[in-house]
Amino acid sequence: MSINASPGFKFEIEKSAENSFARTGTLTTPNGVIETPAFIPVGTKATVKSVLPEAMRELGAQALLSNAYHLYLQPGPEILDAAGGLSKFMNWNGPTFTDSGGFQVLSLGVGFKKVLAMDSKTFRADDVIANNKERLAHVDDEGVTFKSHLNGSMHRFTPEVSMQIQHQIGADVMFAFDECTTLHNTRGYQERAMDRTYAWAIRCLDEHKRLTESRADKPYQALFGVIQGAQYEDLRRKAARDLGSLESSGISFDGFGIGGALDKDSLGTIVQWVNSELPEEKPKHLLGIGAPEDLFVGVESGIDTFDCVLASRIARSSAVYTMTGRYNLTNATYKRDFNPIDSECDCYTCQNYTRAYLNHLFHGKEMIAATLATIHNERFVVRLVDQMRAALKTGQFFDLKAEFMGRFKHKSGQHHD
Ligand SMILES: [Zn+2]
């Protein structure tokens with residue numbers, strides 16, 4: 001038995017691919033089972049924008065991820081606790097994840113764009129992000145002080161506060177509070193941030209243990225440590241070794257998130273450095289990555305679960321995926337096009353609606369435009385990862401990847417809310 005006797009939570013690897021880190025598995029949580037690898041759609045504020053939870057279930061979503069930062073500011077974690085936890089509150093009959101709030105506190109605070117800059121060739125400076133913009137977050141060794149993006153009120157997150165908030169929210173899988181850096185930070189800053197993340201990881205485990213015991217009447221919540229280290233091999237490997245073997249208060253992490261600055265060109269390499277150091281038997285989640293071609297790279301590099309807002313965010317601005325790339329439904333060429341968004345798609349939208357109708361809805365700013373486009377895009381990414389899982393089981397993953405890469409026009413990056 002592991003030192004984490006975690007009732008209701010376990011991860012079992014079914015099949016490991018030869019010559020790669022890829023594997024299939026089963027992640028069991030108190031609210032249900034996730035067949036991995038799996039894409040986990042994001043419902044930032046306890047809702048996937050414009051789509052009912054029933055429709056998310058119907059399109060094949062196995063779990064949803066919400067953001068602790070947003071739910072802390074509104075409605076407040078005590079409301080979710082009183083409701084019986086996130087899944088009950090949002091009427092989602094399945095597993096849920098929450099991120100720690102670290103990314104949001106820092107990204108909204110220092111004014112990152114929604115999509116982190118992914119070009120590592122640009123110059124680096126620790127203050128570059130705050131240029132021409134009021135700095136709304138301040139990091140110290142104890143935690144982060146930040147200003148709400150909603151009303152400007154001041155707040156402070158520490159590892160303990162993040163754990164308390166995530167326990168109240170009640171998701172099946174939580175993440176340790178980390179300092180998320182960008183590719184623009186200097187090497188020296190990345191080292192300091194990594195040391196801080198390690199110290200915070202210990203405090204997260206201690207507080208998690210305390211809360212798990214004091215809330216013993218609640219379902220078990222798993223805690224994943226977050227691996228930082230930007231694009232540096234030695235830092236990534238050290239972070240993975242240190243957090244992978246970390247024990248405090250008699251417990252260790254149930255799994256791991258790979259986060260922070262990930263240069264697209266080296267995404268697979270970075271994930272493989274990390275996965276060659278982390279305990280193989282524990283689940284690995286890639287934070288904020290969900291562009292279709294990046295999902296293949298992630299699975300090949302040993303990632304079990306992904307979350308990303310990209311599919312739903314671009315859908316609301318009328319961009320949709322197909323197996324040959326993405327296009328925009330508002331383009332004039334679709335005004336009289338009575339084909340579905342994607343003739344190869346089995347989603348509710350593609351079975352029932354045409355490009356012409358969606359073109360009309362988007363131009364008319366009708367609310368169901370977002371709903372129908374989001375259903376399609378979420379189905380596309382959920383199904384794509386489902387296809388990878390099936391292909392891994394039959395030994396055809398690399399055939400599927402080659403076929404997809406040959407057809408799909410690339411466009412990617414890291415995307416969080
Ligand atoms: Zn579709």
Scan side-chain atoms only and decide if [X] and [Y] contain a donor-acceptor pair under the 3.5 Å cut-off.
X: Tyr69; Y: His149; result: yes
X: Gln228; Y: Glu179; result: no
X: Asp254; Y: Tyr220; result: yes
X: Thr24; Y: Arg389; result: no
X: Tyr353; Y: His376; result: no
X: Gln231; Y: Ser266; result: no
X: Thr333; Y: Asn331; result: yes
X: Gln166; Y: Ser162; result: yes
X: His285; Y: Asp307; result: yes
X: Asn185; Y: Gln190; result: no
X: Gln104; Y: His70; result: no
X: Lys282; Y: Ser252; result: yes
X: Arg355; Y: Tyr327; result: yes

Can you give the donor-acceptor pairs under 3.5 Å from side chains of residues 361-375 to other protein atoms, not counting sequence neighbours?
from: His363; atom 1: NE2; to: Thr330; atom 2: O; distance (Å): 3.0
from: Thr371; atom 1: OG1; to: Ser50; atom 2: O; distance (Å): 2.9
from: Thr374; atom 1: OG1; to: Ala370; atom 2: O; distance (Å): 2.6

Rounded at 0.5 Å granularity, tell me how far [atom1] in [X] sits from [atom2] in [Y].
X: Met388; Y: Phe398; atom1: CE; atom2: CZ; value: 11.5 Å
X: Lys209; Y: Leu211; atom1: NZ; atom2: CG; value: 12.0 Å
X: Lys218; Y: Gln168; atom1: NZ; atom2: CD; value: 9.0 Å

_Just so I know, are the side chains of Leu384 and Phe404 near enough to count as touching, which here means a heavy-atom distance under 4.5 Å?_
yes
message: Between Glu142 and Arg156 (salt bridge meaning N to carboxylate O under 4.0 Å), is one present in this structure?
response: no
Closer than 4.0 angstrom, basic N to acidic O: yes or no for Lys10 and Glu281?
no
Exercise for review: Return yes if some donor-acceptor pair links the side-chain N/O of Asn377 with the main-chain N/O of Ala319 below 3.5 Å, else return no.
Suggested key: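 It does hold such a pair.
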| field | Step-by-step ring pair (Phe, Tyr, Trp, His ring centres under 6.0 Å) determination, Phe175 to Phe224 | value | CA-CA 5 Å; Phe175 289 91; Phe224 285 22; 5.5 Å; yes
**Report entry** Glu280 atom CD, neighbour heavy-atom count above 12 within 6.0 Å
**Finding:** no
Sequence neighbours left out, cut at 3.5 Å: what donor-acceptor pairs do the side chains of residues 51-64 make with other protein atoms?
from: Arg57; atom 1: NH2; to: Asn93; atom 2: O; distance (Å): 2.4
from: Gln62; atom 1: OE1; to: Glu35; atom 2: N; distance (Å): 2.6
from: Gln62; atom 1: NE2; to: Glu35; atom 2: O; distance (Å): 2.9

